[in-house]
2 protein chains.
Amino acid sequence: MTQHLELVQSLRQAGHRLTPQRESVLAVIADSHEHLSAEEILARVRKRYPYLNKSAVYRSLELLTELGLVTLTDLGHGRVEYELHRHPHHHHLVCRKCKSVQQIDHRLFQNLQKKLESDFGFRADLDHFAIFGTCRKCSTRTAKNPKRHSH
Amino acid sequence: MTQHLELVQSLRQAGHRLTPQRESVLAVIADSHEHLSAEEILARVRKRYPYLNKSAVYRSLELLTELGLVTLTDLGHGRVEYELHRHPHHHHLVCRKCKSVQQIDHRLFQNLQKKLESDFGFRADLDHFAIFGTCRKCSTRTAKNPKRHSH
DNA sequence: TTAAGTGCAAATCATTTGCATGGAT
DNA sequence: ATCCATGCAAATGATTTGCACTTAA
């Protein structure tokens with residue numbers, strides 16, 4: 001409901017039409033402070049605006065992501081998740097064992113980001129970055145048995 | 001064919017059986033210096049050892065990954081890819097526009113890795129790390145038109 | 001008006017799973 | 001001899017697509 005207007009501007013300026021479907025998808029993402037899957041977005045939009053199709057969600061998300069208004073992260077949940085592209089950014093530490101997700105500050109990555117740009121000319125999309133590994137809890141009880149999953 | 005033996009040891013020590021299927025999957029990964037999808041692995045194994053099923057590949061990969069012998073990376077190709085867990089590590093810069101993949105040295109990440117461990121107790125699996133962004137070439141011709149994909 | 005966008009239902013495609021059989025230990 | 005592992009075929013589940021219809025500009 002807040003940055004909503006500017007976002008809608010960006011859409012138009014890039015030469016795209018503003019449809020109620022696109023607008024509602026954007027609104028739901030902008031109103032949420034967590035990452036949402038396509039299906040969750042569909043469900044939330046439909047609460048207020050039932051005229052929305054799954055395909056339209058995917059097509060809107062593709063567009064919004066490409067315009068940089070929304071970012072996409074694979075947190076290992078078997079589907080991709082979306083967030084508004086906010087500033088400042090944050091990142092995610094994803095534990096492979098217990099699947100927990102912990103947020104960390106963007107500043108941890110600033111050095112790396114600068115170096116990638118200066119050394120390689122590569123502009124890293126370092127927001128909503130997912131780093132996989134083992135969290136503190138799971139590290140302590142690691143490599144004890146051949147069991148497949150701990151959850 | 002090289003580290004093969006040690007790898008097979010690890011399997012046994014973790015309490016798993018050594019089947020020809022598992023061994024051949026491991027051999028193919030160990031012999032390759034590129035990242036391979038499950039399907040590519042299946043195809044390569046079958047050249048020499050036709051008695052292999054898709055499910056066995058997936059189940060072997062799950063196990064090998066869990067044992068840390070193999071690492072899994074999502075390079076945005078719509079499927080996960082596997083590599084032998086080698087030292088020293090390297091990482092991948094993946095361009096969202098042209099889909100190019102550029103390898104970079106593991107040392108760029110050492111500071112970050114240490115900090116994640118000291119600050120959060122998080123052991124990041126920072127090998128075969130995929131960083132998405134825009135490569136130098138694509139940066140220069142960016143944001144010119146509303147076209148979806150540039151490839 | 002008219003190209004861009006949507007709805008719908010079917011298609012894809014990687015990965016997973018149930019169950020009967022086989023084989024490593 | 002036992003249970004773990006495999007083969008097979010069917011299921012799953014996210015995402016994509018073809019096409020006729022609608023609508024924002």
Can you tell me how the ring of A:Phe129 sits relative to the ring of A:His91, calling it parallel under 30°, perpendicular over 60° and tilted otherwise?
perpendicular

Taking the side chain as everything from C-beta on, heavy atoms only, tell me whether B:Val45 gets closer than 4.5 Å to B:Val57.
no

From OH of A:Tyr58 over to P of C:dA11, roughly how many Å is that when rounded to an integer?
19 Å

Hey, what's the ring geometry for B:His92 with B:His35, parallel, tilted or perpendicular (30° and 60° as the breaks)?
perpendicular

When the distance from CZ of B:Arg22 to C1' of D:dG7 is rounded to whole Å, what number comes out?
14 Å

Sub-3.5 Å pairs of nitrogen or oxygen atoms, protein against nucleotides 17-24 of chain C:
{"residue": "C:dT17", "atom": "O4", "partner": "B:Ser55", "partner atom": "OG", "Å": "2.9"}
{"residue": "C:dG23", "atom": "N2", "partner": "B:Arg17", "partner atom": "NH1", "Å": "2.6"}

Find the distance B:Leu36:CG to C:dT15:P and express it as a whole number of Å.
13 Å

Strand-adjacent residues in residues 70-80 of chain B, judged by heavy atoms under 4.0 Å from DNA chain C
B:Gly78, B:Arg79, B:Val80

Separation of D:dA24 atom P from A:Tyr51 atom OH, nearest Å, is 14 Å

Spacing of A:Leu52 atom CG relative to D:dT22 atom P, expressed in whole Å:
18 Å

For A:Arg79 and A:Ala38, indicate whether the former's side chain and the latter's backbone hold a donor-acceptor pair under 3.5 Å.
no

side-chain hydrogen bond (donor to acceptor under 3.5 Å, both in side chains) partners for B:Glu34, two or more places apart
B:Arg44

Could you tell me how the ring of A:His90 sits relative to the ring of A:His128: parallel (under 30°), tilted (30 to 60°) or perpendicular (over 60°)?
tilted

Can you work out whether A:Lys54 or B:Ser37 has the more 5'-proximal nearest nucleotide on DNA chain C?
A:Lys54

B:Glu66 CD to D:dA5 P, straight-line distance once rounded to whole Å
12 Å

Toward the 5' end of DNA chain D, by each residue's nearest nucleotide, B:Ser60 or A:Ala38
B:Ser60

Check whether any side-chain heavy atom of B:Ile131 sits under 4.5 Å from a side-chain heavy atom of A:Phe122, and report yes or no.
yes

Looking at B:Lys114, is its backbone amide N or carbonyl O close enough to the side chain of B:Ser118 to form a donor-acceptor pair, meaning the two atoms are under 3.5 Å apart?
yes

Would you confirm whether B:Arg12, through its side chain, and B:Leu18, through its main-chain N or O, come within 3.5 Å as a donor-acceptor pair?
no

Starting at atom CD of A:Glu40, determine the distance to atom C1' of D:dA14, rounded to an integer number of angstrom.
13 Å

Separation of atom CG in A:Leu61 from atom P in C:dG5, rounded to whole Å:
15 Å

